[in-house]
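Whatever order the structure lists them in is the order used to number ligands and atoms, beginning at 1. Because only heavy atoms are used, hydrogens play no part in the values below, and waters and symmetry mates are left out as well, while side chains stay in. Position 1 is the first residue of the sequence; numbering continues from there.
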Amino acid sequence: MRGKFITFEGCEGSGKSTQLKLLSEYLKSVGADFIMTREPGGSGISEDIRKIILNGKNTAMCDECEALLYAAARIQHLRETVAPALAAGKLVVCDRYVYSSLAYQGFARGLGEKFIEEINSVALGNYPPDMTVFLDISPADAFKRKHGADKNDRIEQLGLEFHEKVYKGYKALLAKHPDICAVDCSGTKEETAEKIRNLLKERDIIK
Ligand code: TYD
């Protein structure tokens, strides 16, 4: 039986990495057959593309190039890593997916939903996630918690105004796509981890 495909979304500093680490520990403790992977990245070629996209020196990169590189990294990652794992019946947990492109490039960069959906049509058509968890915290609160942005990361450097647009983009996506589940993550990391586990149990994704 095909495995389940779960993706995680959120703004910078939403605690996504921490939550994915806690979820991974939980899945190991219950003996789940899973892989944890990320975008952009998750395969050799896609990790190389990631370095180009996020390199703080690449200030000349135009928005369309950025969107296409995310899409290119994605399809390679799907074919090389995600699809084989799903075919083997594994649970695939992925840090970011197409909703990131819609929120960041489509909404915040202003490229529009249509362009992003077009360049991600293979991902959207053939590999729709079974469920998406959105870690809901405003960028202002997230930056406060995180003590500022990473100076070497091209996207994090874009400042609060850009990240507020990303957050608005996610909110618009939430209203439109019922497969996205928002988890309020203003509490402690343990509280959020429990909310996530409960959500995945309710949806029969994990036992
Ligand atoms: P990363 O360091 O993994 O950030 P985070 O921990 O917040 O997930 O870098 C990924 C960056 O790429 C992040 O700023 C979000 C951005 N991104 C997009 O803009 N579009 C996309 O399609 C994806 C997958 C990520």
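Checking Arg74, His77, Glu66, Gln105 against atom 24 (C) of ligand 1, the nearest heavy atom belongs to Arg74. Comparing heavy-atom distances from atom 17 (N) of ligand 1 across Tyr70, Tyr104, Tyr99 singles out Tyr70 as nearest.
Ion pair Asp136/Lys171 flagged as a salt bridge, since at least one NZ, NE, NH1 or NH2 atom sits closer than 4.0 Å to an Asp/Glu carboxylate oxygen. Ionic pairing of Glu202 and Arg197 is not present here: no N-O contact between side-chain nitrogen and carboxylate oxygen is shorter than 4.0 angstrom.
When non-hydrogen atoms are compared, ligand 1 lies under 4.0 Å from neither the backbone nor the side chain of Val98.
With a 4.5 Å cut-off on side-chain heavy atoms, Lys16 and Asp95 count as touching.
Of the N or O atoms in Lys16, one or more lie within a sub-3.5 Å distance of an N or O in ligand 1.
Outside the 6.0 Å centre-distance limit, the rings of Tyr97 and Phe8 are not counted as a close aromatic pair.
Scanning the protein heavy atoms around atom 7 (O) of ligand 1, the nearest turns out to be Arg96 NH2, 3.0 Å. Of the protein's heavy atoms, Glu12 OE2, 4.0 Å lies nearest to atom 4 (O) of ligand 1. Scanning the protein for heavy atoms near atom 22 (O) of ligand 1, the closest one is Ser101 OG, 2.5 Å. In terms of protein heavy-atom proximity, atom 10 (C) of ligand 1 is closest to Pro40 CD, 4.0 Å.
Near Arg50, the atoms of ligand 1 lying under 4.0 angstrom from a non-hydrogen atom of the residue are 1 (P), 2 (O), 3 (O), 9 (O).
Checking Ser43 against Thr81 by side-chain atom types alone, no donor-acceptor pair falls below 3.5 Å.
Applying the ring pair (Phe, Tyr, Trp, His ring centres under 6.0 Å) test to pairs two or more places apart or on separate chains, those with a residue in residues 173-207 are Tyr99-His177.
A perpendicular orientation is assigned to the rings of Tyr104 and Tyr170, their planes being inclined by more than 60° (bins at 30° and 60°).
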